[in-house]
J.: 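Structure below; questions to follow.
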Amino acid sequence: MNRRHFISRTSVVTAAALAAPQVLPSRLLGQSSPSNQITLGFIGMGLQGSGRNLRGFQSVPVSRVVAVCDCDRSKLPNAKEIVDKQNGDKDCDVYQDFREILARDDIDAVVISTPDHWHVPMSLMALEAGKHVFCEKPSLTITEGQDLVEAVNRSDKVFQWGIEDRSLIKYWLLTGLARTGAIGEVTYVHCGLPRKPIHWKQEAPEPIPEDLDWNLWLGPAPAADFTQSVRHPQRWRQHYNYSGGSLADWGSHLCDSAQVGIGMDESGPVEISGTAETIPRDRYVTAANGYDLDFKYSNGATINVANGDIKLRFEGTEGWVQCTDWNGKLEASDRNLLRNKTLGEHPEYWPRPKLEWPNFLDKIKDPDSKLTYGVEAGHHLANMLHLGNIALEEGTTVNWDPDSETFTRNNFRMQDSKYYARESRDWTRGL
C-alpha cells in the first residue's frame, strides 16, 4: 500500500470533551494557556525521545505534550510518567501504533525520534495528516530526502530536523571565524568522528517479545528475524537497512559545521573519495568503519572526514581553530582569535540561533521567523554523508552536481546504490 495514502485508511480518534473549570489556575494563563499552547505527540521513546527531545520541549512553556508512542510498549510507562509529572495530571495517552497519533485532530505537531529508516516515511505520513514535524536526523537515502523536500514545500506545515550544533556556542564561534576570514581563506577542514565497534556477529533468531510490534519496528526496511540486540542504538546504526553508520550519525553534527564554515551549507561536494576497512563477513555490521574520506568543493576547499578522535578543525591561510572532543576544548593558533569581537561586523556573520526546540515552536507561531535546520538544510547535509557512503561502498571516486543533485559520472552504476535509493517493503501487511 502506498505509504503516502495509508494515513487516509486509518480510524479517526475521537477526542473527549473537556469541562471548563470554575476557577482558572495560573498554569492556564499566559504562555501556558490552552489557546496559546502547541500540542505535541511523541513517536519513539528511546534515549533521544524520552531524554533529550521530551525534556527539551517540556522546557518551552508554549508546548504541551499530550501523547507518547513506541512500538515497544516497555518504553511507554516511563515516558508517560515524565509527561504527567510535567503537566500535573494523568492525561498523557500512550500508543503502540504511531498512526493513532497522526489521526488525532487535537495534536498540532509530532516529534519523531525513531531509527533513521523511519524518519522520512513517518514524516511524509505526518505531513499528509496535517501535522507540523520535528524529526531526528538524517534521511536514509538521497531520493528519500528529495521526496521529503518536495512534500514540505507543497505543504503549509513546519518541518525541522533535530540537530543542535548551529546553536552551540563553540561550534557557532568556530564556523563564524571560518566564514568571516578571521583565519584567512579556509582551504582544509578535518572532522574526526568516533570509530564504532564491528565485533558484533550475526545472531540466531529469537522469539519476539510480547510488548514489541516487530513489524512496526522494521517498517519500510526489509523483513528480518528478531534478535534482542538489534534494538540497541549502536547496533542498528551500523546496519545499512536502518542507518548509515557513524558517518551519517556523528557526521550530521560535525560535517554540518564544516560545510557552514566554508560557506557550502546550501550546496555540497563535487568530488568524493576515500577508503574504509574491510568488515568480516560473519559480522552484523554493514555500515562503513575505519574510513578516511575527502570531500572536495567547487570553491577549492576540502573537508576530510575520518574515524579517530572527535574533532572539528578549520585550517586557513592565516591560522587555525579547532574544538576537540564533542563540544569540548576550544584551541587556536592564536588564542586572541577566540576573543574576536568583530564577527558581527562581517557580512557573512549570522547571529547564533535558538536551540532546535524553541526554534521549531517559534516558527509554528510566527511563519516569518527563521528555522535553523529546515528541510533543505538537513537534506544538503544528508546528501554529503550519503555520498560518502556511496564512495566507500562502490570503492570509487564519486562525482556529483549539487545543484541538479545528479551524478556526473558512473551514473548507471550509482543509481543502484542502496544509499541513493531503496525499495520499501509492504510493511502494512497483516496490520
Side-chain angles (χ1 to χ4, degrees), residues 115-117 137-142 188-204 221-222 224 227 229-259 268-297 302-313 315 322 324-326 381-400 407 409-410 413-414 416-422:
D116 299 358
H117 68 291
K137 48 72 185 171
S139 61
L140 190 67
T141 67
I142 291 175
Y188 181 83
V189 187
H190 171 68
C191 296
L193 307 184
R195 187 183 184 91
K196 293 300 181 179
I198 63 169
H199 58 262
W200 296 306
K201 292 188 177 182
Q202 297 285 356
E203 298 174 342
T227 62
S229 59
V230 73
R231 289 185 291 174
H232 190 285
Q234 291 309 325
R235 191 172 175 104
W236 59 254
R237 283 194 187 281
Q238 307 312 314
H239 200 292
Y240 74 83
N241 283 344
Y242 318 116
S243 182
S246 64
L247 181 59
D249 178 27
W250 276 85
S252 292
H253 296 279
L254 299 183
C255 293
D256 177 67
S257 294
Q259 289 198 136
V270 295
E271 182 180 298
I272 308 95
S273 61
T275 59
E277 68 181 32
T278 300
I279 299 174
R281 291 185 177 181
D282 64 344
R283 298 299 190 264
Y284 169 84
V285 175
T286 59
N289 203 52
Y291 48 80
D292 191 327
L293 283 157
D294 283 331
F295 298 82
K296 297 182 179 180
Y297 291 78
T302 296
I303 296 177
N304 172 257
V305 183
N307 284 136
D309 296 332
I310 300 172
K311 179 185 292 185
L312 176 63
R313 177 184 174 95
E315 296 184 6
Q322 69 180 26
T324 55
D325 297 322
W326 166 243
L381 168 61
N383 279 353
M384 172 196 180
L385 307 174
H386 296 325
L387 290 167
N389 272 326
I390 290 174
L392 297 175
E393 174 197 6
E394 299 289 341
T396 188
T397 297
V398 173
N399 299 96
W400 177 255
F407 297 103
R409 295 182 186 176
N410 300 322
R413 186 179 182 191
M414 293 298 183
D416 295 330
S417 169
K418 53 181 170 285
Y419 290 101
Y420 182 79
R422 301 180 210 175

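Index from 1, following the sequence.
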J.: Could you check whether Lys137 pairs with Asp249 (Lys NZ or Arg NE/NH1/NH2 to Asp/Glu carboxylate O, under 4.0 Å)?
T.: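 A salt bridge links Lys137 with Asp249.
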J.: Got Val189 and Leu312 here, is their nearest side-chain heavy-atom distance under 4.5 Å?
T.: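 Yes, their side chains come closer than 4.5 Å.
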J.: Measuring from Lys311:NZ to His190:NE2, what's the distance to the nearest 0.5 Å?
T.: 6.0 Å
J.: For a 4.5 angstrom cut-off between non-hydrogen side-chain atoms, does Thr324 reach Asp309?
T.: no
J.: If you compare all heavy atoms of Leu387 against all heavy atoms of Pro269, which two are closest, and at what distance to 0.1 Å?
T.: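 Residues Leu387 and Pro269, closest heavy atoms: CD1-CG, 4.2 Å.
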J.: Looking only at non-hydrogen atoms, find the nearest pair between Leu381 and Cys255 and report the distance.
T.: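 Closest heavy-atom pair between Leu381 and Cys255: CD1-C, 4.1 Å.
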J.: Supply the atom-to-atom distance Arg235 CZ to Tyr242 OH, rounded to the nearest 0.5 angstrom.
T.: 10.0 Å
J.: Side chains of Asn307 and Glu277, heavy atoms from C-beta outward: is any pair under 4.5 Å?
T.: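 In short, these two side chains do not touch, never coming nearer than 4.5 Å.
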J.: Taking all atoms of both residues into account, what is the closest heavy-atom pair of Cys191 and Leu254, and its distance?
T.: SG-O, 3.7 Å
J.: When you measure from the side chain of Asp116 to the backbone of Ser139, do you find a donor-acceptor pair of N or O atoms at a distance under 3.5 Å?
T.: no
J.: About how many Å separate CD of Gln234 and OG of Ser243, when rounded to the nearest 0.5 Å?
T.: 9.5 Å
J.: Tell me whether the rings of Trp200 and His232 are parallel (<30°), tilted (30 to 60°) or perpendicular (>60°).
T.: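 Aromatic pair Trp200/His232 classed tilted.
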J.: If I take atom CG from residue Leu247 and atom NE2 from residue His386, how far apart are they, to the nearest 0.5 angstrom?
T.: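 The CG atom of Leu247 sits 9.5 Å away from the NE2 atom of His386.
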J.: Just do the side-chain contact (heavy atoms from CB on, under 4.5 Å) check on Gln259 and Met384 with the steps written out, would you?
T.: CA-CA 9 Å; Gln259 289 198 136; Met384 172 196 180; 3.5 Å; yes
J.: For the residue pair Trp236 and His117, establish whether any side-chain heavy-atom pair is separated by less than 4.5 Å.
T.: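 No. Closest side-chain heavy atoms not under 4.5 Å.
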J.: Do side-chain atoms of Arg283 reach the backbone of Ile198 as a donor and acceptor pair under 3.5 angstrom?
T.: yes
J.: Evaluate the ring planes of His239 and Tyr284, with Trp represented by its six-membered ring, and classify them as parallel (under 30°), tilted (30 to 60°) or perpendicular (over 60°).
T.: tilted
J.: Might you point out which heavy atoms bring Ala204 and Thr227 nearest each other, and give the distance in Å?
T.: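 Scanning both residues completely, I find the closest heavy atoms to be O-CG2, 3.5 Å.
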J.: Aromatic rings Phe407 and Tyr420: how do their planes relate, parallel, tilted or perpendicular, breaks at 30° and 60°?
T.: tilted
J.: Where is the tightest heavy-atom contact between Gly290 and Arg195, given as atom of each residue plus distance?
T.: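 Minimum heavy-atom separation between Gly290 and Arg195: CA-NH1, 3.3 Å.
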J.: Any heavy-atom pair between the side chains of Ile142 and Trp400 that's under 4.5 Å?
T.: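 Yes - at least one pair of side-chain heavy atoms lies under 4.5 Å apart.
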J.: Is the closest side-chain heavy-atom distance between Glu393 and Tyr240 below 4.5 Å?
T.: no
J.: What's the separation between atom OG1 in Thr278 and atom CG in Asn289, rounded to the nearest 0.5 Å?
T.: 11.5 Å
J.: Is Asp292 reaching over with its side chain to a backbone N or O of Ala306, donor-acceptor style, under 3.5 angstrom?
T.: no
J.: Is there side-chain contact between Thr286 and Ile279, with heavy atoms separated by less than 4.5 Å?
T.: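 Side chain of Thr286 against side chain of Ile279, heavy atoms only: no contact under 4.5 Å found.
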J.: Please name the pair of heavy atoms, one in Leu293 and one in Ala391, separated by the smallest distance, quoted to 0.1 Å.
T.: CD2-CB, 4.4 Å
J.: Which residue, Thr302, Ile303, Val270, forms the side chain to side chain contact (heavy atoms under 4.5 Å, CB included) with Tyr297?
T.: Ile303
J.: Are side-chain heavy atoms of Tyr291 and Ser246 found at a separation under 4.5 Å?
T.: yes
J.: Just verifying a value: how many Å separate Leu392 CG and Ile272 CD1, rounded to the nearest 0.5 Å?
T.: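 Going from the CG atom of Leu392 to the CD1 atom of Ile272 covers 10.5 Å.
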